[in-house]
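Here's the structure, in structure tokens; my notes come after.
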Amino acid sequence: MLEIAIVILLLGLAIFLILLEIFFLPGITVAGIGGFLFAIGGIYYAYSVSALTGNISLLLSLLLFGGIFAWLLRSRSFNKVALKAEVDSRLTSSRELGIREGDEGITLSRLAPIGKARINDLVVEAKSTGEFIPEETSVVVIRVEGYNVIVKVKNEE
């Protein structure tokens, strides 16, 4: 009788920890690893008692886990914690912002080869042609490709 209580305890903890991992804890955490270890230990211990006990324990734990999993997926209790926000914004391309070839600006951070620059009083992500451009350097736009603003150092002539 003690063996069956141990098996029930181990498998109950395993089911609890695995469900906790799936529904509440993001990523792989100690709960998921612990749940997996408890499940392996519980099934192993059940089979060490007898083959019949092992088979029954395995079948019941899978049925119980599947039932609770399905019930949790269908329950409305997750509606309180579920993210329901809709994102209706969109990314505006640099060309739509009015940045054209030949526009001038200044780097706000080092372009190595990507960084921030102020062009036409707009802070944009700028990309150099490959060389590093120091902060607070005057630059000129040589190309606008979608969301990328390609710049080079402005030649003082």
Should [X] and [Y] be counted in the same cluster of Ile, Leu, Val, Met, Phe, Trp and Tyr side chains packed under 4.5 Å apart?
X	Y	value
Val140	Ile119	no
Leu108	Val149	no
Met1	Ile6	no
Leu111	Ile114	no
Val7	Leu52	no

Distance in Å, [X] [atom1] paired with [Y] [atom2], rounded so as to fall on 0.5 Å steps:
X	Y	atom1	atom2	result
Leu11	Ile15	CG	CD1	6.5 Å
Thr53	Ile43	OG1	CD1	11.0 Å
Lys152	Arg143	NZ	CZ	11.0 Å
Ile150	Ile142	CD1	CD1	7.0 Å
Arg110	Phe132	CZ	CZ	5.5 Å
Glu135	Ile133	CD	CD1	13.0 Å

> Distance-only, no hydrogens or angles: does the Ser109 side chain make a donor-acceptor pair with backbone N or O of Lys116 under 3.5 Å?
Replying inline: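 Flag set: sc Ser109 to bb Lys116 pair under 3.5 Å.
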> Just by distance, do the side chain of Thr107 and the backbone of Thr137 share a donor-acceptor pair under 3.5 Å?
Replying inline: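 Yes, Thr107 side chain to Thr137 backbone: donor-acceptor pair under 3.5 Å.
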>> Just so I know, are the side chains of Val144 and Arg100 near enough to count as touching, which here means a heavy-atom distance under 4.5 Å?
In response: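 Counting from C-beta outward, Val144 and Arg100 never come under 4.5 Å.
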>> Would you say CZ of Phe16 has more than 12 non-hydrogen atoms from neighbouring residues, nucleotides or ligands within 6.0 angstrom?
In response: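 Check fails, neighbour count at 12 or below.
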> Which residues satisfy the salt bridge (Lys or Arg N to Asp or Glu O under 4.0 Å) test with Glu104, sequence neighbours excluded?
Replying inline: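 Counting only residues at least two positions away or on another chain, Glu104 forms a salt bridge (Lys or Arg N to Asp or Glu O under 4.0 Å) with Lys154.
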In a table with atom names and distances, give each donor-acceptor pair under 3.5 Å that connects a side chain of residues 17-37 to protein atoms at least two apart or in another chain.
from, atom 1, to, atom 2, distance (Å)
Glu21, OE1, Thr29, N, 3.4
Glu21, OE1, Thr29, OG1, 2.3
Glu21, OE1, Gly32, N, 3.0
Glu21, OE2, Thr29, N, 3.2
Thr29, OG1, Ala31, N, 3.4

>> So, using side chain to side chain donor-acceptor pair (under 3.5 Å) as the criterion, who are the partners of Glu125 when residues are at least two apart?
In response: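 With sequence neighbours excluded, Glu125 shows a side chain to side chain donor-acceptor pair (under 3.5 Å) to no residue whatsoever.
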> Looking at Tyr45 and Ser48, what are the two nearest heavy atoms and their distance?
Replying inline: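 Taking Tyr45 first and Ser48 second, the nearest heavy atoms are O-OG, 2.6 Å.
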> Shortest non-hydrogen contact from Ala39 to Ala14?
Replying inline: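 Result for this residue pair: N-CB, 3.3 Å.
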